[in-house]
Amino acid sequence: MDARYSIRWAAEHGLPRLGFLALRAQGDLLARLMSGDEGYDDPYSLIDQLRGDGGVQVTRAGYAVFGYETCREILRDRRFGVRKPIDSAVPLPLRRYAERIAVPPNPIEAPSMFALDPPEHGRLRKPVASAFTPRAVARLGDRVREVTAELLDAMAAHESVDLIATFAAQVPIAVIAEIMGFPAADRELFLRWGSHVAPLLDVGISWQAHHRAMLATEALTDYLVAHIEKVRRDPGEDIFSLLVTTGDLTTTELLASANVLMGAGFETTMNLLGNSIPILLSHPDQLDLLRAEPERWSLAIEELLRFDTSVQMTARSVLEPVQFEGGVPLEPGKSVVVSVAGANRDPAKFPDPHRFDVTRANAKDHLSFGTGMHACIGASLTRLEVLQALPALFDRFPDIRLDGEPTRRRLSTLRGYSQMPVRLKSR
Ligand code: HEM
């Protein structure tokens, strides 16, 4: 393990972590949201206190925005970019040194499209976006149907299961394996990789969490480089093979895109499926409505995405001086936390926002898939996955119920459960 990763950790996470700890002790709301149990367990009450007038809030922990309109505006505004400079509060020599240290390829590091601004962003995004043709997505849909049926059959042999391990993780794993052309036998690898890399999206993670993420990304890089070579020799019918054989992406760029597809496509959907189940179980009237009128499921899925999104926030850096009407001037070089969860629960956009309502007419306006040039490439695939998996689960196990408290993951950007004991009663 490269000791220099520790310097990256110190600059990117260690010093911000100390700052968050100090601010949290003083009650700072943004620090409480971004790090610590309160933000993981109940972000929405902190978000309500932070929203203010909906514009950019200037806090001691940084800029942040929780109002729907301003979140949307920032995600669509070219004066904001995605390159994340190390925080300017970190002493300059450490910052300069840390910025030169290369870490193994991962979803949040350039040339990942997540971390690129134009014009480089388009070069990486275009081939991936065009590989997700309606035909390719429909084929994945067929696979989801098969996998869901197999999983439900296997679950029916048990009275109780952990729904995350047996179901919520398995559906997206099968889809990723299909997109990437990975053998299904390697699925444990994706599970471990996903759980070790997900904390990198947060700020101020512990040295141990960073260390685990670096080791996992090193191992995954070896796996993916071997996979890219294999695909070059013997391409399959999958989306990734199309990307390798028809684009002009270098191996480094292909590696970055593979990382993005795995990072964006697996954890997010697993968490969305997991988050949806307790919500539906605790709203039996809504579930009854869906059972009586199954055509309502597609709007219900938008409401689930709005109500408890698995990607709670993203961030942008200020590229040039910006001042929104009635707001303060934003300083170039600083980051802005864009709270997708805050936008989705903004009462100015969604009346009575804390009410889960599968008939909410404008639920689809949520920002859970982002908007603008980085808008989610997998949105239609996700809708299709969830639209097949959730109704099939409730149909097959009409008496399903929680069997104890599900365990929340200790993350602030990605929101989900690590375990969810349920009792099933098969028909
Ligand atoms: C519940 C499921 C999902 C959620 C909530 C979600 C959410 C998001 C969000 C919020 C962004 C924008 C990030 C930003 O602006 O900073 C994004 C981008 C992206 N998503 Fe998703 N996503 C999901 C599923 C998927 C799936 C299944 C795939 C593909 C297999 C995928 C691929 C991507 C890619 C490639 C981008 C990057 C686009 C770019 O930077 O230009 N996502 N996603």
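Please read all numbers here as calculations on a predicted model, not as lab measurements. Counting starts at 1 for both ligands and their atoms, following the listed order. Throughout, numbering of the chain's residues begins at 1 and tracks the sequence.
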Within 45° of the ring axis of Y68 and under 6.0 Å from its six-membered ring centre, is that where the NZ or CZ of R345 lies?
no
Do any heavy atoms of F266 fall under 4.0 Å from ligand 1?
no
Every N, O or S from the protein that is nearer than 2.8 Å to atom 21 (Fe) of ligand 1:
C376 SG
Salt bridge check, R145 against D142: does any charged N sit closer than 4.0 Å to a carboxylate O?
yes
For P421, side chain to side chain contact (heavy atoms under 4.5 Å, CB included) partners two or more places apart
D403
Is it the case that the side chain of N344 and the backbone of F307 share a donor-acceptor pair, with hydrogens and angles ignored and the cut-off at 3.5 Å?
no
Do S310 and ligand 1 have an N or O pair less than 3.5 Å apart?
no
Any nitrogen or oxygen of R125 lying under 3.5 Å from a nitrogen or oxygen in ligand 1? Just yes or no.
yes
Can you pull out the closest protein heavy atom to atom 7 (C) of ligand 1? Residue, atom name and distance to 0.1 Å, please.
S368 O, 3.3 Å
Contact partition for M373 relative to ligand 1, non-hydrogen atoms under 4.0 Å:
backbone
Answer yes or no: does an N/O atom from T309 fall short of 3.5 Å to an N/O atom of ligand 1?
no
Are side-chain heavy atoms of V337 and V203 found at a separation under 4.5 Å?
no
Within 45° cone and under 6.0 Å: R306 NZ/CZ vs F350 ring:
yes
Identify, by atom number and element, the atoms of ligand 1 in contact range of H121, meaning under 4.0 Å from any of its heavy atoms.
39 (C), 40 (O), 41 (O)
Taking R410 first and then D41, would you say they form a salt bridge - that is, a charged N and a carboxylate O separated by under 4.0 Å?
yes
Fit a plane to each ring of F80 and F324, take the angle between them on a 0 to 90° scale, and name the class: parallel (under 30°), tilted (30 to 60°) or perpendicular (over 60°).
parallel
Among Q312, H374, E385, which residue places a heavy atom closest to atom 18 (C) of ligand 1?
H374
Are F182 and H227 near enough that their ring centres are under 6.0 Å apart?
yes
